[in-house]
Undergrad: 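I am attaching a structure below and will ask some questions about it afterwards.
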Amino acid sequence: MPVDLSGTWNLLSSDNFEGYMVALGIDFATRKVAKLLKPQKVTEQNGDSFGIHTYSSLRNYLVTFKVGDEFDEDNKGLDNRKCKSLVTWDNDRLTCVQKGEKKNRGWTHWIEGDKLHLEMFCEGQVCKQTFRRA
C-alpha cells in the first residue's frame, strides 16, 4: 500500500510560484496577492480515495478523486479552466496529469521525513512547495 498522505499541512516554502501562475495565464493582480498567501492543505485519504482541501484567505479549493479513475476537474477559483485529470501512484508519489487547454500540466505529492512536497507543473514551469504537518 502506498504512503498515507492524510493530515493537515502548512506551507513552509514555495519556489517559482510566479512562473507557474504566469504559465497558467493568471492575471497580474491575482498573482501578486497569491504570492503572499500561506495556504493550508488538509488531505483526507481512504485507501485510493482522496479529498484534498486547500485553504487560504483568498480562496478555498477542494478536489476529490479515486486513484486510477479519470475525472472532470473544474479549477474554478484557481485558473478557471476545466480539464480531464488522472491521478496515479508512482511508487510513493501521487501524480496527477491534467489534460486540457494548457499543455504538460499536473502535480505530484510525496512525503519525505515530516514534510509534504508538492510540485506543480505547466508548460515548462515548475513550482516546488514544501509543507509541514500542523
Side-chain angles (χ1 to χ4, degrees):
M1 178 78 185
V3 68
D4 185 359
L5 299 174
S6 295
T8 300
W9 305 90
N10 294 326
L11 182 68
L12 286 177
S13 65
S14 184
D15 181 49
N16 196 36
F17 193 40
E18 174 86 12
Y20 173 74
M21 290 188 291
V22 168
L24 287 174
I26 294 174
D27 68 84
F28 178 81
T30 302
R31 290 196 318 266
K32 295 307 167 199
V33 171
K35 283 177 44 176
L36 300 174
L37 301 175
K38 298 289 183 190
Q40 182 180 69
K41 286 195 172 290
V42 177
T43 303
E44 299 168 349
Q45 180 178 351
N46 183 6
D48 277 340
S49 295
F50 283 81
I52 300 176
H53 302 257
T54 304
Y55 298 103
S56 76
S57 56
L58 179 64
R59 294 186 177 123
N60 297 325
Y61 182 70
L62 168 65
V63 61
T64 58
F65 57 87
K66 183 172 182 185
V67 174
D69 289 351
E70 186 175 66
F71 63 99
D72 294 319
E73 186 172 3
D74 184 350
N75 291 301
K76 185 168 179 58
L78 299 174
D79 66 330
N80 297 316
R81 288 188 175 84
K82 294 182 181 184
C83 58
K84 291 277 189 187
S85 296
L86 177 63
V87 181
T88 58
W89 285 110
D90 181 9
N91 295 312
D92 284 342
R93 293 179 180 224
L94 194 62
T95 300
C96 178
V97 173
Q98 299 170 314
K99 295 180 182 173
E101 183 180 330
K102 294 292 183 175
K103 305 298 179 206
N104 302 313
R105 181 178 178 174
W107 50 260
T108 301
H109 273 292
W110 73 96
I111 293 178
E112 282 182 14
D114 65 343
K115 294 185 175 73
L116 174 72
H117 296 270
L118 169 61
E119 284 187 0
M120 301 176 289
F121 50 90
C122 180
E123 297 189 343
Q125 293 292 319
V126 179
C127 172
K128 297 179 181 184
Q129 294 184 332
T130 304
F131 296 79
R132 176 175 290 150
R133 197 176 293 274

Undergrad: Closest approach of Ser56 and Leu37, non-hydrogen atoms and distance?
TA: OG-CD1, 3.6 Å

Undergrad: Measuring only between side-chain heavy atoms, which start at C-beta, is Leu11 closer than 4.5 Å to Lys38?
TA: yes

Undergrad: Report the C-alpha separation of Lys66 and Phe71 in whole Å, then their side-chain angles, then the decisive distance to 0.1 Å, and conclude whether the side chain to side chain contact (heavy atoms under 4.5 Å, CB included) test is met.
TA: CA-CA 9 Å; Lys66 183 172 182 185; Phe71 63 99; over 6 Å; no

Undergrad: Search all heavy atoms of Tyr55 against all heavy atoms of Val42 and return the closest pair with its distance.
TA: CE1-CG2, 3.7 Å

Undergrad: Of all heavy-atom pairs between Trp9 and Gly7, which one has the smallest distance, and what is that distance?
TA: CD1-O, 3.4 Å

Undergrad: Let me confirm one number: the CD-CG distance from Gln129 to Asn16, rounded to the nearest 0.5 Å.
TA: 10.5 Å

Undergrad: Return yes if some donor-acceptor pair links the side-chain N/O of Arg81 with the main-chain N/O of Leu24 below 3.5 Å, else return no.
TA: yes

Undergrad: Would you say the side-chain atoms of Asp90 pair up with the backbone N or O of Arg93, donor to acceptor, closer than 3.5 Å?
TA: no

Undergrad: With Arg31, which residues qualify under side chain to side chain donor-acceptor pair (under 3.5 Å), at least two apart?
TA: Glu18

Undergrad: Check whether any side-chain heavy atom of Leu5 sits under 4.5 Å from a side-chain heavy atom of Ile111, and report yes or no.
TA: yes

Undergrad: Just by modelled atom types, is the Ser13 backbone N or O under 3.5 Å from a matching donor or acceptor in the Thr130 side chain?
TA: no

Undergrad: Write down the atom of Ser6, the atom of Arg133, and the distance for their closest heavy-atom approach.
TA: O-NH1, 3.0 Å

Undergrad: Do the side chain of Glu119 and the main chain of Lys128 share a donor and acceptor less than 3.5 angstrom apart?
TA: no

Undergrad: Side chains of Tyr20 and Ile26, heavy atoms from C-beta outward: is any pair under 4.5 Å?
TA: no

Undergrad: Nearest heavy-atom pair of Ala23 and Gln125: which atoms, and what distance?
TA: CB-CG, 3.8 Å

Undergrad: Atom SG of Cys122 and atom CG of Asn104: how far apart are they, to the nearest 0.5 Å?
TA: 8.0 Å

Undergrad: Please tell me if the side chains of His53 and Glu44 come closer than 4.5 Å, counting only heavy atoms from C-beta onward.
TA: yes

Undergrad: Please answer: with hydrophobic residues joined when any side-chain heavy atoms are less than 4.5 Å apart, are Tyr61 and Leu116 in the same cluster?
TA: yes

Undergrad: In Å and rounded to the nearest 0.5 Å, what is the OG1 to CZ distance from Thr54 to Phe131?
TA: 7.0 Å

Undergrad: Between Asn75 and Arg105, is there a side-chain heavy-atom distance shorter than 4.5 Å?
TA: yes

Undergrad: A side-chain contact here means heavy atoms from C-beta on lying under 4.5 Å apart; do Leu94 and Trp89 qualify?
TA: yes

Undergrad: Atom CG of Leu58 and atom CG of Leu36: how far apart are they, to the nearest 0.5 Å?
TA: 10.0 Å

Undergrad: Have Ser49 and Asn46 got a donor and an acceptor in their side chains that come within less than 3.5 Å?
TA: no

Undergrad: Determine, stepwise, if the pair Gln40 / Asn10 fulfils side chain to side chain contact (heavy atoms under 4.5 Å, CB included).
TA: CA-CA 5 Å; Gln40 182 180 69; Asn10 294 326; 2.8 Å; yes

Undergrad: How many angstroms lie between CD in Glu123 and NZ in Lys102, if you round to the nearest 0.5 Å?
TA: 4.5 Å

Undergrad: Are Phe65 and Leu118 connected, step by step, through hydrophobic side chains (Ile, Leu, Val, Met, Phe, Trp, Tyr) whose heavy atoms are closer than 4.5 Å?
TA: yes

Undergrad: Sorted by first residue and then second, give each ring pair (Phe, Tyr, Trp, His ring centres under 6.0 Å) pair with at least one member in residues 95-116; sequence neighbours left out.
TA: Trp107-His109, Trp110-His117

Undergrad: Mark yes or no for whether Glu70, through its side chain, and Asp72, through its backbone, hold a donor-acceptor pair below 3.5 Å.
TA: no

Undergrad: Which heavy atom in Thr64 sits nearest to a heavy atom in Gly51, and how many Å separate them?
TA: CG2-CA, 4.1 Å

